[in-house]
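Report on the structure given below.
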Amino acid sequence: MLGDKKVVYSAVQPTGCITLGNFLGAINNWLKMTDDFLSIFAIADLHALTVRQNPAEYRQRAMSFFAQYLACGLDPSKSILYFQSHVPQHAELTWILNCFTYVGETGRMTQFKDKSAKHADNINMGLMDYPVLMASDILLYQADYVPVGVDQKQHLELTRDIAIRFNNLYSPTFTVPEPYIAKQGAKIFSLQQPGQKMSKSDPDPNGYINLIDPPDVIARKFKRAVTDCDGKIIFDEENKPGVSNLLTILATVTDRTVDSVISDFEGKGYAELKQAVADAVIEKLRPIQENYNRLVKDKAYLTEVYKDGAQKAAKIASRTLSKVYRKVGLVEG
Ligand code: TRP
């Protein structure tokens, strides 16, 4: 809680690309929350350094992500938007919280184990410390809610454990955050392996729609989407995951129910369904892509927005950090 508003906090690593799945499953909901909450949103550019990045590419991608979030409609006058690395309190609180987190706790995180297996030549300290940095992100802002997907739930639980531990050892210092499960928010699956979530780290680009894919690429990807061979356009996630995914996408981007969408396709086949989904997605993304193309060229504006965001964020973060420094017994600077 800050002032009279509950705080919702989220961050995203600038890796891969922002997909249609991210947009329909997360960003769209996020946009609806900015009126009722103090919403704080960061590009988690320190987190993604836990795996090797090409510096020039990384810098450009981080900026592109920032511009894409603005292009989706995140409004800097309603929420705080910034780069994690611009607010030094994140790294500072991480050090303190490291001293309140056990090696066994971060070592058993599923993501740590997965990434260690994937990058066996680079199991660095940062990889292990990743969830503590994430805890710092959240706790610095006294966040009440953190919208998370299943893959980040374990990290949020650890965040809660660390907050409770610290609060019990000293006195109430951190708000203990809750996961925010959106009431609605479509779960979008890969176009190539419809049993799996549409993921920005999918090595097969045909599996996802990048928010800034040009229209002809979007049309091609939907044309190639995996379906099945019984030819029926019905919603059945278990037996017909590909077709059901296309129906979900079409219903979500057109703000209709799946049932009403299905009624459009009586007597029609998959080709028509794929064409309709492609057209609707292209239409939905058109204004976002136009905004993006304009914004990404406007370095001065982007800089102004992220500097202002970092300043606002640092004001909140430094208040929490001072409290923490005082409680653990550091001499006031
Ligand atoms: N670890 C998150 C992910 O990969 C990104 C993240 C970093 C985050 N800090 C956060 C998410 C704080 C929510 C809150 O998706």
Side-chain angles (χ1 to χ4, degrees), residues 6-19 21-23 25-27 29-30 33 37-51 53 58 61-62 65-66 68-69 74 79-94 97-98 101 106 109-116 118-119 126-163 174-182 185 187-188 197-202 208 309-310 313 316-317 320:
K6 295 252 186 189
V7 177
V8 56
Y9 187 94
S10 190
V12 94
Q13 296 191 71
T15 53
C17 65
I18 303 173
T19 69
N22 298 133
F23 178 69
I27 303 173
N29 279 317
W30 184 256
M33 297 175 77
F37 294 91
L38 171 58
S39 56
I40 308 180
F41 180 78
I43 302 287
D45 53 355
L46 295 175
H47 271 108
L49 291 179
T50 50
V51 297
Q53 306 290 345
Y58 190 51
R61 195 182 300 264
F65 266 51
F66 194 76
Q68 284 180 64
Y69 277 98
L74 275 183
S79 31
I80 300 179
L81 311 170
Y82 69 104
F83 288 96
Q84 182 188 36
S85 64
H86 293 178
V87 180
Q89 286 82 4
H90 290 250
E92 294 171 316
L93 182 61
T94 300
L97 296 184
N98 274 336
T101 308
T106 56
M109 293 287 114
T110 310
Q111 194 178 75
F112 172 68
K113 291 192 208 155
D114 288 350
K115 286 198 179 169
S116 300
K118 221 162 126 191
H119 306 276
L127 206 54
M128 189 164 203
D129 209 20
Y130 183 110
V132 185
L133 178 58
M134 182 163 158
S136 302
D137 296 344
I138 297 166
L139 299 179
L140 274 175
Y141 299 94
Q142 307 294 348
D144 297 275
Y145 298 113
V146 181
V148 278
V150 276
D151 62 321
Q152 294 299 313
K153 248 185 131 179
Q154 206 182 24
H155 290 163
L156 189 63
E157 264 151 34
L158 180 60
T159 301
R160 290 169 53 87
D161 290 345
I162 298 171
F174 298 120
T175 301
V176 180
E178 309 265 348
Y180 184 86
I181 314 287
K187 187 159 183 205
I188 306 297
K197 197 175 115 178
M198 183 180 282
S199 163
K200 63 180 189 159
S201 44
D202 187 339
Y208 58 79
I316 302 168
T320 303

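Counting starts at 1 for both ligands and their atoms, in listed order. Note that the coordinates shown come from a computational prediction; the quantities given were computed from them, not determined experimentally.
The side chain of Ile138, and not its backbone, has at least one atom closer than 4.0 Å to an atom of ligand 1 (non-hydrogen atoms only; side chain from C-beta on). Of all the heavy atoms of Ala44, the ones lying under 4.0 Å from any atom of ligand 1 belong exclusively to the side chain. No part of His155 comes within 4.0 Å of ligand 1, judged by heavy-atom distances.
Tyr9 places none of its side-chain heavy atoms less than 4.5 Å from the side chain of Leu140. Looking at Thr175 and Tyr141, their side chains never come closer than 4.5 Å, going by heavy atoms from C-beta outward. The shortest distance between side-chain heavy atoms of Met109 and His155 falls below 4.5 Å.
Of all the heavy atoms in Leu97 and Ser136, the pair that sits closest is CD1-OG, 3.5 Å.
If you number the atoms of ligand 1 from 1 as listed, the ones under 4.0 Å from a heavy atom of Gln13 come out as 4 (O). Less than 4.0 angstrom separates some heavy atom of Gln152 from each of these atoms of ligand 1: 1 (N), 2 (C), 3 (C), 4 (O), 15 (O). Within ligand 1, counting atoms from 1 as listed, the ones closer than 4.0 Å to a heavy atom of Val146 are 13 (C), 14 (C). Of all the atoms in ligand 1, the ones that sit under 4.0 Å from a non-hydrogen atom of His47 are 7 (C), 9 (N).
Aromatic ring pairs are classed by plane angle as parallel below 30°, tilted from 30° to 60° and perpendicular above 60°; the pair Tyr145 and Tyr180 is perpendicular.
Of the protein's non-hydrogen atoms, the one nearest atom 9 (N) of ligand 1 is Asp137 OD2, 2.6 Å. Looking only at heavy atoms of the protein, atom 1 (N) of ligand 1 is closest to Tyr130 OH, 2.7 Å. With respect to atom 5 (C) of ligand 1, the closest heavy atom belonging to the protein is Ala11 O, 3.4 Å.
Ring centroids of Phe83 and Phe66 are separated by less than 6.0 Å, placing the two rings close together.
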Subject >> Stepwise side-chain contact (heavy atoms from CB on, under 4.5 Å) test for Thr320 and Leu139 >> reply: CA-CA 8 Å; Thr320 303; Leu139 299 179; 5.9 Å; no
